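Below: one structure, written as structure tokens.
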Amino acid sequence: KGKAGKSEKCDILGVARLYGLIMQYMKGLLEKANIPSNIYEQHFELRSEKLSEMTQKMLKDIDKSDNGEGKMVLLRVKAIKDGEFFAYVLRKMRILLKMEDAFSVIQDIDSENERKSGMDSFLNEEHHFLKRIQCWRDNGNEMYRPTNYQDL
């Protein structure tokens, strides 16, 4: 009773890590948006993690740049559905915090069963960022498409 096998332990650990990652980015975005912690901290009380210094640094200047290009944060999530959920949470937080134009959330899936490039995100959920990239990289050419991470 209550004994989990190696596979179940790995699954449980994976869920806990995903939850922790999501909580880190939610806290980081709330802090970035200057939302006072007393408004949301009670909802995070059961979690022991504090906002990490690394998350703070990654999000600090994600929306600041002299030429408008910004920074890139690349996060890997093992399971496709977990990655889709994480992207959903980031997009939802971005909307709630009125940061729609601050940063883009691009999902790139590469697996044996499914393939979805970051370009799919630009054509769907992140279409408003594609126009920016077209201006930065090819003088507004509407046919231009990024082909690798350096193009982003």
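Everything quoted here is computed from the prediction, not taken from an experiment. Residue numbers run from 1 in the order of the sequence given. For the numbers below, each heavy atom of this structure counts, side chains included, while hydrogens, waters and symmetry mates do not.
- Using modelled atom types, no side-chain atom of Asp138 and backbone atom of Gly140 make a donor-acceptor pair closer than 3.5 Å.
- Counting heavy atoms from C-beta on, the side chains of Phe129 and Arg132 come closer than 4.5 Å.
- Val77 and Leu13 fall into different hydrophobic clusters, where Ile, Leu, Val, Met, Phe, Trp and Tyr side chains are chained together by heavy-atom contacts under 4.5 Å.
- Contact check for Met26 versus Val89: side-chain heavy atoms found under the 4.5 Å cut-off.
- Hydrophobic clustering keeps Val15 apart from Leu21 (ILVMFWY residues linked when any side-chain heavy atoms are closer than 4.5 Å, directly or through intermediates).
- If you check the side chains of Glu31 and Gln56, you find a donor sitting under 3.5 Å from an acceptor.
- Using a 4.5 Å heavy-atom cutoff, the side chains of Lys32 and Lys60 are not in contact.
- Distance check, rounded to the nearest 0.5 Å: CD of Glu142 to SG of Cys135 gives 9.0 Å.
- Asp101 and Arg94 are not joined by a salt bridge, as no carboxylate oxygen comes within less than 4.0 angstrom of a charged side-chain nitrogen.
- Hydrophobic cluster membership differs between Ile95 and Ile106, with clusters built from Ile, Leu, Val, Met, Phe, Trp and Tyr side chains linked at under 4.5 angstrom.
- Arg137 places none of its side-chain heavy atoms less than 4.5 Å from the side chain of Pro146.
- Atom CD of Glu53 sits about 10.0 Å away from atom OG1 of Thr55, to the nearest 0.5 Å.
- Counting non-hydrogen atoms of other residues, nucleotides and ligands closer than 6.0 Å to CG of Asn139 gives a total of 12 or fewer.
- Looking at Arg145 and Gln134, their side chains come closer than 4.5 Å, going by heavy atoms from C-beta outward.
- The CD1 atom of Ile133 sits 7.0 Å away from atom OG of Ser104, with the distance rounded to the nearest 0.5 Å.
- For the atom pair CE of Met99 and CZ of Phe103, the computed distance is 5.5 Å after rounding to the nearest 0.5 Å.
- Annotation: side chain of Leu29 is not in contact with side chain of Leu96 (no heavy-atom distance under 4.5 Å).
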Set out, in order, the CA-CA distance, both residues' side-chain angles and the distance that settles side-chain contact (heavy atoms from CB on, under 4.5 Å) for Phe85 and Ile22, then state yes or no.
CA-CA 9 Å; Phe85 180 68; Ile22 290 170; 3.5 Å; yes

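- Side-chain atoms of Leu30 and Met93, non-hydrogen and from C-beta on, do get closer than 4.5 Å to each other.
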